[in-house]
Amino acid sequence: MRISKLAKEFIPYKVVENKYKIYLDKNENPFDFPAPLKEKIFEELKNVQFNRYPPITAEPLREKIAESLGLKMENIIVGNGSDEILSLVPKLTEGDYNIINSPTFVMYRFYSKHNGIKVMDIPLDEQFDLRTSEIKRYADKARIIFICSPNNPTGNSLSRERIIDILETGACVVLDEAYIEFSDKESNIDLLNHYDNLIILRTFSKAFSMAGIRVGYGISNEKIISHLLALKAPFTVNALSMRIAEMMVENRDVIEEKIKFIKSERKRLLRKLKNYAFPSDANFILVNLPVYHFLLERGIAVRHFDEERIKNMVRITIGKKDENDTLLDALKEYLNEMDRV
Ligand code: PMP
């Protein structure tokens with residue numbers, strides 16, 4: 001047996017051992033479902049037949065999501081996390097390379113590589129916004145242009161005018177709105193009415209507190225969705241996850257209060273860390289302090305990066321109040337120590 005180059009060289013994630021007090025490393029929602037809702041869900045799940053395959057393309061959930069957005073089921077594809085849709089999009093179009101704008105979500109590179117597609121990285125500018133003129137220069141040979149807004153890991157939203165400018169090229173744009181519910185800026189979903197080269201990705205993992213349930217979705221015109229469905233393996237979203245996501249679409253108000261809390265905690269952290277943190281429209285902040293190991297030693301896991309431009313920075317997910325307090329205490333301690341040297 002000869003192991004492939006891909007399997008040898010690519011290490012997409014490092015396992016953070018399950019030993020820390022506080023996890024602020026994966027942009028999860030710190031709040032599980034409220035207990036009464038969880039009870040209601042478990043009651044409902046009793047009706048799910050384990051012996052049957054789920055609806056082949058998650059039709060009932062696609063209907064529910066479409067209804068909540070004023071669209072049709074044919075405009076929606078549901079996946080096992082939005083990651084599954086990200087794994088499909090590189091197969092959708094032809095071209096010489098995918099364009100990414102670093103620093104951005106690592107999985108765009110991962111799935112490009114997995115599909116044997118070259119990656120052209122056109123790094124974000126000083127303000128972490130799109131370098132439109134360069135992107136436009138390379139757009140005609142691109143398969144997919146991945147845009148993440150609000151961007152992971154920088155936290156900022158990318159400017160709508162620049163996104164439109166890129167859509168005007170006609171290249172296929174995947175606009176990842178995984179964190180849109182935490183943003184005060186408008187979604188760009190309305191652009192679907194004007195551009196047939198746009199795919200928007202959303203997820204239940206963040207604002208909806210469902211990272212463990214694994215459901216995400218893509219929104220686009222009927223033609224693109226039908227091609228994506230042709231590329232997708234059947235039955236990848238299991239019956240239990242599907243039913244839970246359906247119930248969450250129906251109970252959306254449950255998440256609003258938590259989103260409000262996360263946004264107010266984000267404001268508090270940004271204020272306290274104003275000399276070190278970048279503005280954020282997401283449920284995390286990028287902090288320009290080399291504190292990864294310092295925080296780990298104090299039982300707090302955050303995200304660090306190998307990429308040169310953000311190497312000495314950390315991405316910190318907004319947690320519960322006491323978790324954020326512990327984090328702030330640790331950072332204060334770090335800054336005091338720095339003062340002394
Ligand atoms: N897009 C972005 C920008 C993300 O940060 C994540 C998760 N970290 C995803 C997509 C994937 O989310 P999921 O597969 O949980 O839906």
Side-chain angles (χ1 to χ4, degrees), residues 12-16 23-30 32 58 61-62 65 76-90 98-112 114 124 128 130 144-158 163 173-183 185 187-189 199-219 228 232-233 236-238 241-242 244-245 248-249 255 262 266 278 280-286 301-305 307 310 314-319:
Y13 31 72
K14 297 185 183 77
V15 176
V16 181
Y23 284 88
L24 302 176
D25 61 332
K26 292 192 210 68
N27 298 344
E28 292 151 330
N29 193 315
D32 196 353
L61 177 56
R62 290 170 63 209
I65 295 169
I76 308 290
I77 178 170
V78 169
N80 192 296
S82 52
D83 249 291
E84 187 189 6
I85 322 244
L86 280 173
S87 76
L88 301 177
V89 286
N98 288 338
I99 295 181
I100 65 163
N101 308 272
S102 70
T104 193
F105 185 40
V106 289
M107 298 310 278
Y108 309 146
R109 189 182 280 282
F110 176 92
Y111 288 120
S112 302
H114 270 238
L124 295 171
F128 292 139
L130 297 161
I144 300 287
I145 302 177
F146 287 102
I147 299 177
C148 188
S149 183
N151 185 42
N152 175 11
T154 57
N156 60 302
S157 302
L158 307 187
I163 294 171
V173 172
V174 170
L175 178 61
D176 189 343
E177 291 193 339
Y179 299 97
I180 194 67
E181 293 89 351
F182 300 105
S183 175
K185 308 207 172 76
S187 157
N188 284 300
I189 192 167
I199 303 169
I200 292 195
L201 298 189
R202 300 259 182 98
T203 179
F204 284 88
S205 296
K206 312 294 178 181
F208 284 86
S209 290
M210 283 172 49
I213 306 295
R214 310 303 302 129
V215 183
Y217 57 100
I219 317 164
L228 283 173
K232 186 184 161 302
T236 54
V237 182
N238 72 71
S241 296
M242 204 183 296
I244 297 172
M248 280 312 278
V249 178
I255 68 165
I262 290 168
R266 174 178 75 199
F278 294 91
S280 172
D281 293 321
N283 68 336
F284 57 85
I285 55 174
L286 184 67
V302 297
R303 180 69 197 270
H304 74 121
F305 304 93
E307 255 177 274
I310 51 172
V314 288
R315 190 196 66 196
I316 303 175
T317 307
I318 312 294

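In this text, all values refer to a predicted model and were calculated from it rather than measured experimentally. For ligands, and for the atoms within them, numbers begin at 1 and follow the listed sequence.
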Atom 12 (O) of ligand 1: the protein heavy-atom neighbour that sits closest, reported with distance to 0.1 Å: S82 OG, 3.3 Å

Side chain, backbone, both or neither: C148 near ligand 1, heavy atoms under 4.0 Å: side chain

Identity of the nearest option to atom 16 (O) of ligand 1, non-hydrogen atoms only, from T203, T104, V215: T203

Plane angle bin for F204 and Y217 - parallel if under 30°, tilted between 30 and 60°, otherwise perpendicular: tilted

Y179 ring center within less than 6.0 Å of F284 ring center: yes

Pair S102, R109: side-chain N/O donor-acceptor within cut-off below 3.5 Å: no

Nearest heavy atoms of I76 and R62, plus distance in Å: O-NE, 2.6 Å

R214 contact mode with ligand 1 (heavy-atom cut-off under 4.0 Å): side chain

Atom 5 (O) of ligand 1: nearest protein contact (heavy atom, Å): Y179 OH, 2.6 Å

Shortest protein contact, atom 1 (N) of ligand 1 (heavy atom only): D176 OD2, 2.5 Å

Minimum-distance protein heavy atom relative to atom 7 (C) of ligand 1: K206 NZ, 3.3 Å

Nearest non-hydrogen protein atom, atom 6 (C) of ligand 1: F105 CZ, 3.3 Å

Distance-only polar pair, side chains of N152 and R315, donor-acceptor under 3.5 Å: yes

